[in-house]
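Report on the following structure.
Just so we're on the same page: letters track the sequence lines, and every chain starts at 1.
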There are 2 protein chains.
Amino acid sequence: MRITYKGDYALKALLDLAIHYELGVSTINDIAKRIDAPVKFLEQVLLDLKKGGFVESRRGNVGGYQLAKDPAKITLGQVIRFIDGPIELIACVEKNYSNCADLNRCVFKNIWQKVTKATADIVDNINFAQLVHQVKLKKNGFVYSI
Amino acid sequence: MRITYKGDYALKALLDLAIHYELGVSTINDIAKRIDAPVKFLEQVLLDLKKGGFVESRRGNVGGYQLAKDPAKITLGQVIRFIDGPIELIACVEKNYSNCADLNRCVFKNIWQKVTKATADIVDNINFAQLVHQVKLKKNGFVYSI
DNA sequence: ATTTTGTCTACTATCCCTATAAACATAGTA
DNA sequence: TACTATGTTTATAGGGATAGTAGACAAAAT
């Protein structure tokens, strides 16, 4: 798998919203400015994140976006998989794959599974509360560039 | 990163050549049949592998391909990086990347680096001699489907 | 009513993936 | 020499994904 720009923006937007978790909604424009993303593209990303249940929105004059749940309940792995797809390096070890002649005899499969597990062990054990904490630790003249 | 069909064919072709290491050259057609790959596509893959120094070739009537070095000297990581590019999940942690506003302050960078290391620890420590050995262990009515 | 926001649907340019095709070069063999 | 079996090279093409951009629409507050 590969983290695309879309995935990158999604993670940054969520971290941004996690940092402002207690402060209510942020507008797309504000988020875009803070994380340096193209506004119209970020629109789509946020829409997707809403469909995924990661954020919620309010329209109108004082509208905007905010996290839909506690930052501690959102892991990196959840977001990556939702936006950019499976973390597997190759389709043959993804769930419900049935296109291989004889997968059980394949000496590569075992390797791809190991890599998948190693990656999952990392991204599934980091949540946005931890990230916010790390951001705050970095306050050496912190100017908010994620 | 992602293992493409090209990378998949490259790995299978090299394993095939590693299995036939002592037997001299194999033709593209033979390799293609054994690993079940489209011949014309496999041509390009083998050409690339030759440029990468993994295989060597002989033209003409009794021509074909063979490994350019001891299977034990070829790791999965070398092949993957050469055919499919860097194993990093995202460009910002690749070598010589300089497009980020403030990479040292980015809380994500550390995570991408961990994932990269975990993956590298696996693919850089497996060579084709080991794979051949594993293939031979699987001889329960072995029909040669890698 | 107006303004400020989010929502939705298209559209586009570029690149990458996965081949396929055709012409050519080389090295054995008859 | 002529023929054939191989690898070499370049070009091309369809499909899909990526990374946006544009514009009309809907809702909520004032």
Side chain to side chain contact (heavy atoms under 4.5 Å, CB included) partner of L14(A), the single match among I19(A), V55(A), I83(A):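 It is V55(A); the other options fail the test.
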Criterion side chain to side chain contact (heavy atoms under 4.5 Å, CB included) against L89(B), the qualifying member of V115(B), T119(B), T116(B): V115(B)
Please give me the minimum heavy-atom distance between R2(A) and A91(B), naming the atom from each residue.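 Shortest heavy-atom separation between R2(A) and A91(B) comes out as NH2-N, 3.3 Å.
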Which heavy atom of G7(A) sits nearest to which heavy atom of D84(A), and what is that distance? CA-OD2, 3.4 Å
Between [X] ([atom1]) and [N] ([atom2]), how many Å, whole number?
X: E56(B); N: dT8(D); atom1: CD; atom2: C1'; value: 17 Å
X: N61(B); N: dA2(D); atom1: CG; atom2: C1'; value: 14 Å
X: K51(B); N: dT10(D); atom1: NZ; atom2: C1'; value: 11 Å
X: I90(B); N: dT18(D); atom1: CD1; atom2: P; value: 13 Å
X: I31(B); N: dT6(D); atom1: CD1; atom2: P; value: 12 Å
X: Y5(A); N: dG20(D); atom1: OH; atom2: P; value: 7 Å
X: D30(B); N: dA5(D); atom1: CG; atom2: P; value: 14 Å
X: I3(A); N: dA19(D); atom1: CD1; atom2: C1'; value: 16 Å

For the ring pair F41(A) and Y5(A), is the centre-to-centre distance below 6.0 Å?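 Not close enough - the centres of the two rings lie 6.0 Å or further apart.
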Side-chain N or O of Y9(A) versus OP1/OP2 of dG20(D): is the shortest distance under 4.0 Å?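 So the side chain of Y9(A) is within the cut-off, an N or O lying under 4.0 Å from OP1 or OP2 of dG20(D).
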Return the OH to CG distance between Y65(A) and L47(A), rounded to the nearest 0.5 Å.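 Going from OH on Y65(A) over to CG on L47(A), the span is 4.5 Å.
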How far does OH of Y9(A) sit from CG of L42(A), to the nearest 0.5 angstrom?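 Taking OH in Y9(A) and CG in L42(A), the distance rounds to 9.0 Å.
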Per-nucleotide protein contact string for nucleotides 12-17 of chain D (B base, S sugar-phosphate only, - none; heavy atom under 4.0 Å): ------
Taking for each residue the nucleotide of DNA chain D with the nearest heavy atom, is it R58(A) or I28(B) whose nucleotide lies nearer the 5' end?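 In this pair, the answer is I28(B).
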By nearest nucleotide on DNA chain C, pick out whichever of S26(A) and V62(B) is the more 5' one.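 Upstream on the strand: S26(A).
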For DNA chain C, note the earliest and the latest nucleotide, 5' to 3', having some atom under 4.0 Å of a heavy atom belonging to chain B.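 The footprint of chain B covers dC17(C) to dT29(C).
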Can you confirm whether K69(A) is buried at NZ, in the sense that more than 12 heavy atoms of other residues, nucleotides or ligands lie under 6.0 Å from that atom?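 Buried by this count: over 12 neighbours within 6.0 Å.
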Neighbour count >12 (heavy atoms, 6.0 Å) for atom CG, D36(A): no
Paired with S26(B), the side-chain hydrogen bond (donor to acceptor under 3.5 Å, both in side chains) test is passed by just one of K33(B), H20(B), R34(B), namely R34(B)
For salt bridge (charged side-chain N to carboxylate O under 4.0 Å, His left out), just list the numbers for K12(A) and D16(A), CA-CA rounded to whole Å, side-chain angles, deciding distance to a tenth of an Å, and then say yes or no. CA-CA 6 Å; K12(A) 285 177 178 168; D16(A) 185 63; over 6 Å; no
By a strict heavy-atom criterion of less than 4.0 Å, which residues belonging to residues 37-46 of chain A are in contact with DNA chain C?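 When residues 37-46 of chain A is checked for heavy atoms under 4.0 Å from DNA chain C, the hits, listed by number, are E43(A), Q44(A).
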